[in-house]
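Just so it is clear, the structure is predicted and the values come from calculations on it, not from any experiment. These numbers come from the heavy atoms of this one structure, side chains and all, not from hydrogens, waters or symmetry mates.
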Amino acid sequence: MLTSIHHTTIITPVTAAFSNSLIPTPPLPAQFLRFRTSPRENFRYLKTLGIIEPNTKFYKSPSPETLDKILSTVEFFTSRGFSTSDFRRVAFLCPELFSPDFDPSCVQPVFDFLATELPASPEQCKGLIVRCPGLLLSDVDLCLRQTWLYLKSLGVEKLNAPTTLNAHLLNTRVPKLAEKVRYLRSVGLSYEEAGTVCARFPAIFGYSVEHNLRPKVEFLKVMGMSAVEVLNGFPQYLGFSLQKRIAPRYLHLQKRKVKVPLKRMLMWGDEKFYGKWK
């Protein structure tokens with residue numbers, strides 16, 4: 001286990017190689033190791049994790065004390081199952097998590113929230129955080145819990161599944177989520193219907209009303225279709241590209257005076273669609 005206190009050491013490939021030559025002694029508690037690695041070894045180790053830029057020279061290394069502080073953060077995440085590739089992603093997206101001023105105990109409430117209220121397993125917690133490290137910088141009471149309760153009220157389920165969509169949904173503030181519900185109501189859906197659309201197609205929360213949702217809904221009028229009927233029956237319509245899929249296929253069928261159900265028009269692959277209606 002990685003550690004940074006002065007009477008302990010860090011297990012790295014270097015220290016692990018020496019440990020096999022030691023004379024057997026009674027096992028020590030997990031937090032106590034036999035050697036203390038050098039600042040140079042710690043520096044190299046943090047480079048392999050992507051926390052320190054790979055091209056950084058040792059003479060530009062942070063002080064040994066700063067390295068120890070960063071390594072204590074590494075230990076915190078390692079104890080929660082984070083791998084080398086996880087560190088690279090998290091450090092790239094949220095470098096502030098590995099600042100020497102960062103206190104790992106500050107993010108423990110986020111882990112507790114994910115584990116007890118979603119609830120998510122340790123592996124699921126890690127997966128959500130790796131996909132959206134910004135979760136760790138969100139306040140549980142003011143942000144995460146409010147978002148989770150709002151999504152639950154709409155019927156969005158399985159938010160503990162470690163998907164990119166779920167991770168970013170949990171880190172989205174309620175006013176931004178509510179904007180999509182208000183728009184759906186403005187086109188004629190009831191609050192319950194809008195909630196069902198969002199629950200069936202939660203990716204809607206990531207779309208812009210002005211640049212994505214509104215143009216697609218307005219195009220339904222061009223096709224002579226009811227927005228309420230389409231969105232209630234086939235909310236995935238909003239996930240297709242207007243310029244690359246919806247409009248070209250509609251116009252293609254119009255030229256051939258062919259009418260097909262909207263779902264069939266959009267769900268078929270290009271080869272099958274254009275092969276059917278040449």
Side-chain angles (χ1 to χ4, degrees), residues 110 113-121 124-125 127-128 131-132 134-135 138-247 249-250 259-268:
V110 176
F113 164 78
L114 295 176
T116 60
E117 298 191 41
L118 287 186
S121 68
Q124 289 172 326
C125 288
L128 289 166
R131 286 166 175 79
C132 182
L135 282 167
S138 294
D139 184 274
V140 170
D141 294 325
L142 298 178
C143 302
L144 297 181
R145 183 174 293 111
Q146 299 303 316
T147 293
W148 172 65
L149 291 172
Y150 184 75
L151 291 170
K152 276 186 63 178
S153 73
L154 296 176
V156 181
E157 300 178 336
K158 299 180 180 178
L159 286 166
N160 57 352
T163 65
T164 300
L165 174 60
N166 280 348
H168 286 277
L169 277 181
L170 288 168
N171 201 39
T172 302
R173 305 298 177 255
V174 170
K176 186 174 181 180
L177 300 174
E179 176 191 15
K180 309 307 186 297
V181 175
R182 284 196 302 272
Y183 174 70
L184 292 175
R185 297 198 65 191
S186 75
V187 300
L189 276 72
S190 67
Y191 183 83
E192 292 73 18
E193 288 173 330
T196 300
V197 168
C198 293
R200 291 178 60 191
F201 188 62
I204 190 176
F205 291 116
Y207 296 158
S208 163
V209 169
E210 294 303 321
H211 299 103
N212 196 307
L213 301 181
R214 193 184 304 280
K216 291 175 184 177
V217 170
E218 290 178 349
F219 196 76
L220 288 172
K221 297 178 185 177
V222 175
M223 295 190 289
M225 299 180 185
S226 162
V228 172
E229 290 182 7
V230 169
L231 297 179
N232 277 328
F234 183 45
Q236 293 80 6
Y237 163 78
L238 296 171
F240 292 95
S241 169
L242 178 60
Q243 291 77 19
K244 297 180 180 180
R245 191 99 164 188
I246 301 171
R249 290 194 176 189
Y250 170 73
K259 289 187 177 181
V260 299
L262 182 63
K263 188 172 183 179
R264 187 180 180 189
M265 182 183 91
L266 296 177
M267 295 293 287
W268 282 17

Side chain to side chain contact (heavy atoms under 4.5 Å, CB included) partners of Glu210, counting only residues at least two apart: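 Only Ser208, Arg214 meet the side chain to side chain contact (heavy atoms under 4.5 Å, CB included) criterion with Glu210.
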
Looking at every non-hydrogen atom in both residues, tell me the closest pair between [X] and [Y] and how far apart they are.
X	Y	value
Val260	Met265	CG2-CB, 3.8 Å
Glu193	Ser190	OE1-N, 2.8 Å
Val228	Val187	CG2-O, 3.7 Å
Ala167	Cys132	CB-CB, 3.6 Å
Met225	Val230	CB-CG2, 4.0 Å
Val209	Lys180	CG2-CD, 3.9 Å

Full working for side chain to side chain contact (heavy atoms under 4.5 Å, CB included) between Leu189 and Val181: CA-CA 9 Å; Leu189 276 72; Val181 175; over 6 Å; no

Is it the case that the side chain of [X] and the backbone of [Y] share a donor-acceptor pair, with hydrogens and angles ignored and the cut-off at 3.5 Å?
X	Y	answer
Asn166	Ala161	yes
Thr164	Arg131	no
Arg200	Asn232	yes

Full working for side chain to side chain contact (heavy atoms under 4.5 Å, CB included) between Leu266 and Arg245: CA-CA 7 Å; Leu266 296 177; Arg245 191 99 164 188; 3.9 Å; yes

If I take atom [atom1] from residue [X] and atom [atom2] from residue [Y], how far apart are they, to the nearest 0.5 angstrom?
X	Y	atom1	atom2	answer
Cys125	Leu118	SG	CG	7.0 Å
Leu231	Lys216	CG	NZ	11.0 Å
Leu135	Phe113	CG	CZ	9.0 Å
Leu220	Tyr237	CG	OH	4.0 Å
Leu159	Leu128	CG	CG	9.0 Å
Leu242	Leu213	CG	CG	11.5 Å

Taking C-beta and beyond as the side chain, do [X] and [Y] meet within less than 4.5 Å on heavy atoms?
X	Y	result
Leu165	Pro202	yes
Asn171	Arg173	yes
Leu154	Tyr191	yes
Asn212	Leu238	no
Leu169	Leu177	yes

Identify, with sequence neighbours excluded, every residue that meets ring pair (Phe, Tyr, Trp, His ring centres under 6.0 Å) alongside Phe240.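 So Phe240 forms no ring pair (Phe, Tyr, Trp, His ring centres under 6.0 Å) with any residue.
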
Side chain to side chain contact (heavy atoms under 4.5 Å, CB included) between Cys198 and Leu184: does it pass, once the steps are laid out? CA-CA 9 Å; Cys198 293; Leu184 292 175; 3.9 Å; yes

Can you establish whether the number of heavy atoms outside Glu179 located under 6.0 Å from its atom CD is more than 12?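 More than 12 within 6.0 Å, yes.
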
Only counting residues at least two apart or in another chain, list the ones meeting salt bridge (charged side-chain N to carboxylate O under 4.0 Å, His left out) with Arg145.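 Arg145 satisfies salt bridge (charged side-chain N to carboxylate O under 4.0 Å, His left out) with Glu117, Asp141 only.
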
Which class fits the ring pair Tyr207 and Phe201: parallel under 30°, tilted 30 to 60°, perpendicular over 60°?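 The rings of Tyr207 and Phe201 sit tilted, inter-plane angle from 30° to 60°.
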
